J.: 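Quick one: this structure, given as structure tokens, is what I'll be asking you about.
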Amino acid sequence: MPELPEVEVVRSGLERWVAGRTISSVEVLHSRATRRHGAGPADFAARLTGQRLEVPRRRGKYLWFPFDDDAALLAHLGMSGQLLVGEGELPEDGRPSAGTSDPSELKHLRVRLSFDDGGPDLRFVDQRTFGHLMVDDLANGVPAVIAHIAADPLEDAFDGEAFFQALRRRHTGIKRALLDQSLISGVGNIYADEALWRAELHWARPTETLTRAQATRVIDAVREVMAEALKAGGTSFDSLYVNVNGESGYFDRSLNVYGRRDEPCNRCGTPIRRDSFMNRSSYSCPVCQPRPRRGHF
DNA sequence: CTTCGTTCCTGTACGC
DNA sequence: TGCGTACAGGAACGAA
């Protein structure tokens, strides 16, 4: 699942492949991929064609390619989205050509952008179609539809004290707050669990009871785990195919709790527990991250 | 206003 | 073998 580090790996990987190139044609193969582009797939294609893409930018899990006219191509990878740089044709019969390494990429190809230099094209491939592409106007350098998304913890603009004050005002659990992109962006289920394990806090801990020191610990943990994942993702990324499979990433090996139900905690040896929460899984150590009691501070 | 449950989607794993 | 079900989960949306 692409979270901030995976999206950043994609962003930096795409820089050299798309910056400065002009789009010559757009194929939308599945309209769901452009569902957030209100004016429809044809308008999406029309607004993209002829545009010269600048250096891609990112906030949280959103990625965008500015044009030179205060608009941009905005992308969100959802759960299974990939942006691939590809060579070779996509034959009508659906059989992969030499330039396509994986037949499933072909099957799940949703949008294809070609460039006027005749070089490699840009392909949006997405199995589960939770991701999307759209064209949007920029406001203060950020696509208008993501104006409500908070700065992410790796941005200079991120304000730790403001985040702490927001937590104190909220009446919710810390994990729910970490996943709320309007409070802090870029954190998904995996890094939320990992950061809370590092900070030794239970996912249900009421945000209004957090001390400044604990909030700082959580933020530091988020930054830490993301920086490590980013560092791990920065290697072996020089291939033509900009692959973004968060699930098969090598950072798996560095996870302390996520997906480790019943395996020993790396700090105390207690079996890791799995709770169902928000229709998803939460992993934590029962000893290092005790469930909060009423009135617990 | 805030908070929270539902919904979208498809491939994989697993029990019977 | 095949069928049904649970699960993976980001974020927009609407209800309370």
Side-chain angles (χ1 to χ4, degrees), chain A residues 1-8 10 28-38 58-64 74-83 102-111 124-134 136 142-153 163 165-196 203-209 222 226 244-249 251-252 255 257-262 273-284:
Chain A
M1 288 62 71
E3 299 182 31
L4 187 155
E6 292 75 29
V7 178
E8 175 56 24
V10 174
V28 178
L29 294 108
H30 195 312
S31 63
R32 190 172 147 79
T34 57
R35 66 194 177 284
R36 281 195 79 195
H37 187 91
R58 182 191 56 74
R59 166 165 288 180
K61 304 170 202 170
Y62 281 93
L63 177 66
W64 68 92
L74 178 64
H76 193 292
L77 301 176
M79 300 199 23
S80 53
Q82 298 171 282
L83 283 167
D102 181 354
S104 76
E105 289 173 5
L106 211 55
K107 183 175 175 188
H108 303 302
L109 180 66
R110 308 303 185 195
V111 177
F124 180 61
V125 174
D126 189 5
Q127 177 202 107
R128 278 175 265 187
T129 69
F130 274 42
H132 66 268
L133 301 181
M134 67 181 292
D136 195 25
V142 176
V145 293
I146 63 163
H148 64 290
I149 300 294
D152 65 57
F163 180 67
Q165 294 302 335
L167 291 180
R168 297 292 305 219
R169 285 193 300 271
R170 285 267 174 145
H171 294 276
T172 190
I174 180 62
K175 183 169 176 182
R176 204 182 278 275
L178 285 175
L179 296 177
D180 186 337
Q181 306 296 302
S182 69
L183 294 178
I184 177 173
S185 69
V187 184
N189 202 41
I190 297 173
Y191 293 112
D193 279 2
E194 292 299 313
L196 289 172
W203 51 265
R205 176 59 181 271
T207 54
E208 67 269 31
T209 69
V222 169
M226 283 185 168
V244 209
N245 190 342
E247 289 167 326
S248 60
F251 191 67
D252 285 9
L255 297 176
V257 282
Y258 185 83
R260 297 194 59 237
R261 195 222 293 245
D262 296 335
R273 82 185 142 195
R274 173 193 177 276
D275 297 306
S276 194
F277 164 70
M278 285 175 84
N279 277 333
R280 44 189 54 94
S281 297
S282 281
Y283 298 92
S284 59

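Predicted model only: the values in this text are computed from it and were never measured. Numbered from 1 within each chain, the chains take letters A, B, ... in sequence-line order.
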J.: Hey, mind stepping through K61(A) and S185(A) against side chain to side chain contact (heavy atoms under 4.5 Å, CB included) and telling me if it holds?
T.: CA-CA 7 Å; K61(A) 304 170 202 170; S185(A) 69; over 6 Å; no
J.: Name the nucleic acid region contacted by D126(A), choosing base, sugar-phosphate or nothing; use a 4.0 angstrom heavy-atom cut-off, strictly under.
T.: nothing
J.: Can you check nucleotides 13-16 of chain C for protein contacts, nitrogen or oxygen pairs under 3.5 Å, and list what you find?
T.:
none

J.: If we fit an axis to the first five pairs and another to the last five of the helix from dT2(B)-dA16(C) to dC16(B)-dG2(C), what angle do they make, to the nearest 10°?
T.: 50°
J.: For dC4(B) and R176(A) - does any side-chain N or O of the residue sit under 4.0 Å from the phosphate oxygens OP1/OP2?
T.: yes
J.: Identify whether any heavy atom of R35(A) sits under 4.0 Å from a base atom; if not, whether one sits that close to sugar-phosphate; answer base, sugar-phosphate or nothing.
T.: nothing
J.: Distance check: side-chain N/O of H148(A) vs OP1/OP2 of dA12(C), anything under 4.0 Å?
T.: yes
J.: Kindly give the heavy-atom pair with the smallest separation between F124(A) and G131(A), and that separation in Å.
T.: CZ-C, 3.9 Å
J.: Quick one, E194(A) with V257(A), criterion side chain to side chain contact (heavy atoms under 4.5 Å, CB included). Give me CA distance, side-chain angles, the key distance, then yes/no.
T.: CA-CA 6 Å; E194(A) 292 299 313; V257(A) 282; 3.3 Å; yes
J.: Do L196(A) and L178(A) touch side chain to side chain, with heavy atoms closer than 4.5 Å?
T.: yes
J.: So, is Y191(A) close to the dG10(C) phosphate, meaning a side-chain N or O under 4.0 Å from OP1 or OP2?
T.: no
J.: Is there a donor-acceptor pair closer than 3.5 Å between any side-chain N or O of S80(A) and the backbone N or O of R128(A)?
T.: yes
J.: Is it true that a side-chain atom of Q181(A) and a backbone atom of G186(A) form a donor plus acceptor pair closer than 3.5 Å?
T.: yes
J.: Say whether, by atom type as modelled, one donor and one acceptor occur between the side chain of R110(A) and the main chain of D126(A) under 3.5 angstrom.
T.: yes
J.: State which residues pass side-chain hydrogen bond (donor to acceptor under 3.5 Å, both in side chains) with W203(A); sequence neighbours excluded, sorted by chain then number.
T.: D275(A)
J.: Atom CG of L178(A) to atom C1' of dC4(B): distance rounded to whole Å?
T.: 17 Å
J.: Would you kindly compare R169(A) and R280(A) by the position of their nearest DNA chain B nucleotide and give the one closer to the 5′ end?
T.: R169(A)
J.: For L74(A) and V145(A), which heavy atoms make the closest approach, and how far apart are they?
T.: CD2-CG2, 3.5 Å
J.: Please report, rounded to the nearest Å, how far the P atom of dA11(C) is from the CG atom of L179(A).
T.: 9 Å
J.: When the distance from CG of L183(A) to P of dC1(B) is rounded to whole Å, what number comes out?
T.: 15 Å
J.: Would you kindly give the CG-to-C1' distance between L63(A) and dA11(C), to the nearest whole Å?
T.: 17 Å
J.: Classify the nucleic acid contact of F277(A) as base, sugar-phosphate or nothing, counting any heavy atom under 4.0 Å across all strands shown.
T.: nothing
J.: Using every non-hydrogen atom in the two residues, find where A177(A) and L167(A) come nearest and quote the distance to one decimal.
T.: CB-CD2, 3.7 Å
J.: Using the closest heavy atom to pick a nucleotide of DNA chain B for each, name whichever of H171(A) or N279(A) lands nearer the 5' end.
T.: H171(A)
J.: Find the distance M278(A):CE to dG10(C):P and express it as a whole number of Å.
T.: 9 Å
J.: Mark yes or no for whether R32(A), through its side chain, and H30(A), through its backbone, hold a donor-acceptor pair below 3.5 Å.
T.: no
J.: K61(A) NZ to dA12(C) P: how many Å, rounded?
T.: 10 Å
J.: When the ring planes of H76(A) and H132(A) are compared, do they come out parallel, tilted or perpendicular, using 30° and 60° as the limits?
T.: parallel
J.: Please tabulate, one pair per line, each protein N/O and nucleotide N/O from nucleotides 9-12 of chain B that are separated by under 3.5 Å, including the distance.
T.:
from, atom 1, to, atom 2, distance (Å)
dG11(B), OP1, K107(A), NZ, 3.4
dG11(B), O4', Q127(A), OE1, 3.2

J.: Could you state the CD-C1' distance from E3(A) to dG10(C), rounded to the nearest angstrom?
T.: 10 Å
J.: Compare all side-chain heavy atoms of S284(A) with those of R273(A) and state whether any distance is below 4.5 angstrom.
T.: yes
J.: Hey, is D152(A) close enough to R58(A) for a salt bridge, meaning N to O under 4.0 Å?
T.: yes
J.: Got a sec, which pairs hit salt bridge (Lys or Arg N to Asp or Glu O under 4.0 Å) with one end in residues 172-184 of chain A, sequence neighbours left out?
T.: R170(A)-D180(A), K175(A)-D193(A)
J.: I'd like a list of close polar pairs between nucleotides 4-7 of chain C and the protein, N/O only, cut-off under 3.5 Å.
T.:
none

J.: Rounded to the nearest Å, what distance is computed from the CZ atom of residue R36(A) to the P atom of nucleotide dA11(C)?
T.: 9 Å
